[in-house]
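Each chain gets a letter, A, B and so on, in the order its sequence line appears, and its residues count up from 1.
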Protein chains: 4
Amino acid sequence: MRTKENKYDQLLNAAMAVIKETGFEKASVSQFVRRAGVAQGTFYLYFSSKKEIVPAIAERILSEQLLRIKKREKEAEQGEGLLRLLIEETFALTEEYRDLISFCYAGISLYYSFERWDEIYRPYYEWLIEQLKSLQEKGEVTSGMKTEYLANYTIGLIEHGAEAHYLSQAVQTDEKEAQEQLYYFVSRAVLL
Amino acid sequence: MRTKENKYDQLLNAAMAVIKETGFEKASVSQFVRRAGVAQGTFYLYFSSKKEIVPAIAERILSEQLLRIKKREKEAEQGEGLLRLLIEETFALTEEYRDLISFCYAGISLYYSFERWDEIYRPYYEWLIEQLKSLQEKGEVTSGMKTEYLANYTIGLIEHGAEAHYLSQAVQTDEKEAQEQLYYFVSRAVLL
Amino acid sequence: MRTKENKYDQLLNAAMAVIKETGFEKASVSQFVRRAGVAQGTFYLYFSSKKEIVPAIAERILSEQLLRIKKREKEAEQGEGLLRLLIEETFALTEEYRDLISFCYAGISLYYSFERWDEIYRPYYEWLIEQLKSLQEKGEVTSGMKTEYLANYTIGLIEHGAEAHYLSQAVQTDEKEAQEQLYYFVSRAVLL
Amino acid sequence: MRTKENKYDQLLNAAMAVIKETGFEKASVSQFVRRAGVAQGTFYLYFSSKKEIVPAIAERILSEQLLRIKKREKEAEQGEGLLRLLIEETFALTEEYRDLISFCYAGISLYYSFERWDEIYRPYYEWLIEQLKSLQEKGEVTSGMKTEYLANYTIGLIEHGAEAHYLSQAVQTDEKEAQEQLYYFVSRAVLL
DNA sequence: CATGAATGAGACTTCATTCAT
DNA sequence: CATGAATGAAGTCTCATTCAT
């Protein structure tokens, strides 16, 4: 079990590093295993094919995101706190993993159905839905929408904002401003 | 000239059809040319490489989108009309080209920088910015944000909503509801 | 000793079952061991290499054949009885092990020299030669040929007949007819 | 067309030579193309996969066989002539292509159904059936069997004899004797 | 402009075998 | 005796691109 965990992680970390450096197009299984220091065949003991690396990376990143968010859960007790928290952490993560994130989008929509995406996002959604419900009860958050949609649009919007900032250069300014503008927009939609 | 136009279009249409049917993974230049009824080498007379097909498709779709929107430009003279217009057309287009749209995202983020994306979106953004500015003057739209951000977030949000509806099955309900929920959310953010 | 016998047989039976079901192409050592319920490495405690499974199966089948024939040895005391016996048992065995038989031919001619085949067939040949000699003395079987050739051609012919019937569909009719036609042909050649 | 024929033949000849020399196990497409002097991908322009080389070789050999037999067709006008002709040519071809023949058996039964075999043999069978029918009318050949079976068993038997002589060493003597013994056996079965 | 046969690099994957436990 | 994770060589095949016609 320990060993298994180790090799899997070695491989996943190696893959993430390689893709970060060389981009996805040129990333090959041989590079992953060379970097991880294992044999070619070992890769296929932990991933059924090269493609399987894609959702694995996505899961890793998103679970990291959720972890960080949950660490600051107390801040989410108020509407403003929740939104600022989501924005800050989404921006931070997007900056950190910028190359991998766009690779994951590409890879998953190329190789998998969107159901795979939903699966990966589920825990994140569920957490947010809980928060929103309790804030609706407190009268801090709009009750005019179903919570599922509210959660979905909120996450989608914040991620779009972070990506627009870090991946594209469409609106190139400082992070501060981008976050402020985004907060203004989201809070109007979500908060009462 | 006529011929050139024709072959280019034949090739582009063929590529779009092939990708729609067989998915991106299996789409190959040989399929494009077979479908278009031209020789293998002919492809390279009109596209410098296979990758060039990606932004070509994206441009085709987005210019179609802009065309449709401009046809209903009068409706955009009021805030509500503008948002409903954007939502309806974005949903319609996303439904029509669902596979191609995710292919374009994937392809562009794989092969190109996001600048290429911005380039393609520019005319759309510019048109929207104009509309928003004039609605801000009329006091129908929030003035608390820079119009560039407003436009960007509005488009990003509406596209997210359409994709969440048609590509993923996360929130599976009828289109009507999805559009209503989305309108509610966006209008709170954008309109006064 | 018990254990060793058991594991060897488990492995051999598993291999036979796997090859029967999935064909030779996909049959792998890992399938053999999975089916046999032993570890990967255990295979190599009983077979020096994967190839060794081939003559082992061939031997198993042919010894089974000889066993069945010897059970009916009394019938072989007359020419007609001998030939009918050979035909019936060869047909029965070919039907039962049809896939394995062609696999054995293939495997042995791929991996081994034909000497290996001869070795396997030897006991069967020797038994038949004895029978034929005694029938020659009784004047029931042609004496115009060396008994070795007679035995060889007789077996070869009968096996060809059974395989033509069960493996190929060249001549597709009922078993009865095929056996009758074959008997007619062989008996003309062999009996007086 | 000329070119196509040429490359196909180059490849087929190269493959036959390589298999003859190194055996089938080690024969690889890379060797085929190196020997043929063409690029790796070119192989797949003429054969859909490596396996396709197997029936191609079988067809080549059997059509050669039929060609040679038809050259001596006049001899087939009498029963004895027909059988001697078949025996001689089968022995000659088996000697010449001994390695390839066993490879073809193995390959076809491994990768293809026996129907493929029948397909390849069909012209040969049909020719023989014609001959046998006309000899039955002349009263030179037994009429107690259906001609299809007669042809099938005759060919099967003669091929078995040739293979027993050249491939196995079970009965190792001179070719002359083997042919004589075989003729004796077959003629008893077939001729009146 | 158009053709399409030919190219060839290199990616993915399989699987028999080993060996430390 | 038994295990099974790890190995790594080697093979098949794909496909974007070229170029002589």
With a 4.5 Å heavy-atom cut-off, do A:I61 and A:L93 have their side chains touching?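 Result yes, sub-4.5 Å side-chain heavy-atom pair found.
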Over how many whole Å does the gap from [X] atom [atom1] to [N] atom [atom2] extend?
X	N	atom1	atom2	value
B:K50	F:dT18	NZ	P	15 Å
B:Q40	F:dT18	CD	P	12 Å
D:L11	F:dC13	CG	P	13 Å
A:I53	E:dC12	CD1	C1'	14 Å
B:Y44	F:dA20	OH	P	18 Å
A:F43	F:dG8	CZ	C1'	16 Å
C:R34	F:dG4	CZ	P	13 Å
D:E52	F:dC13	CD	P	11 Å

To check you understand the geometry: which heavy-atom pair defines the closest contact between D:Y44 and D:K50, and what is its length?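 Reported closest heavy-atom pair: CE2-N, 4.4 Å.
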Look at all strands and tell whether D:V38 reaches a base, only sugar-phosphate, or nothing, counting heavy atoms closer than 4.0 Å.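 Counting heavy atoms under 4.0 Å across all strands, the contact made by D:V38 is with sugar-phosphate only.
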What nucleic acid atoms does B:S49 come within less than 4.0 Å of, heavy atoms only: base, sugar-phosphate, or nothing?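 Sugar-phosphate, backbone atoms only, no base.
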Please tell me which of the listed nucleotides, [options], lies nearest to the side chain of [X]?
X	options	result
B:L45	E:dA2, E:dT7, F:dT17	E:dA2
D:A39	E:dA5, F:dT7, E:dT7	E:dT7
D:S28	E:dG4, E:dA5, F:dT12	F:dT12

With a cut-off of less than 4.0 Å, is there a side-chain N or O of A:T42 near OP1 or OP2 of F:dT7?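 Yes, A:T42 has a side-chain N/O under 4.0 Å of OP1/OP2 on F:dT7.
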Think A:K7 has a side-chain N or O under 4.0 angstrom from the OP1 or OP2 of F:dA5?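 Checking F:dA5 against A:K7, no side-chain N or O comes under 4.0 Å of OP1 or OP2.
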Can you name the one residue among D:R35, D:Q31, D:K26 that meets side-chain hydrogen bond (donor to acceptor under 3.5 Å, both in side chains) with D:E21?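 Testing D:E21 for a side-chain hydrogen bond (donor to acceptor under 3.5 Å, both in side chains) against D:R35, D:Q31, D:K26 leaves exactly one candidate, D:R35.
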My validator wants the stems of DNA chain F: runs of 3 or more consecutive Watson-Crick or G-U pairs, both distances under 3.5 Å, written as range with range.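 The stems are E:2-21 with F:2-21.
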How long is the gap from [atom1] on [X] to [atom2] on [Y], to the nearest 0.5 Å?
X	Y	atom1	atom2	value
B:I101	B:Q65	CD1	CD	8.0 Å
C:R122	C:W117	CZ	CH2	13.5 Å
C:S102	C:I19	OG	CD1	10.5 Å

Could you tell me whether B:R116 and B:E119 have a side-chain N and a carboxylate O separated by less than 4.0 Å?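 So B:R116 pairs with B:E119 through a salt bridge.
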Upstream residue (5' side of DNA chain E) when C:A27 and A:K26 are each assigned their closest nucleotide: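 The residue whose closest nucleotide sits nearer the 5' end is A:K26.
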Using heavy atoms to find the nearest nucleotide of DNA chain E for B:G41 and C:S30 separately, return the residue whose nucleotide is more 5′.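 Of the two residues, B:G41 wins.
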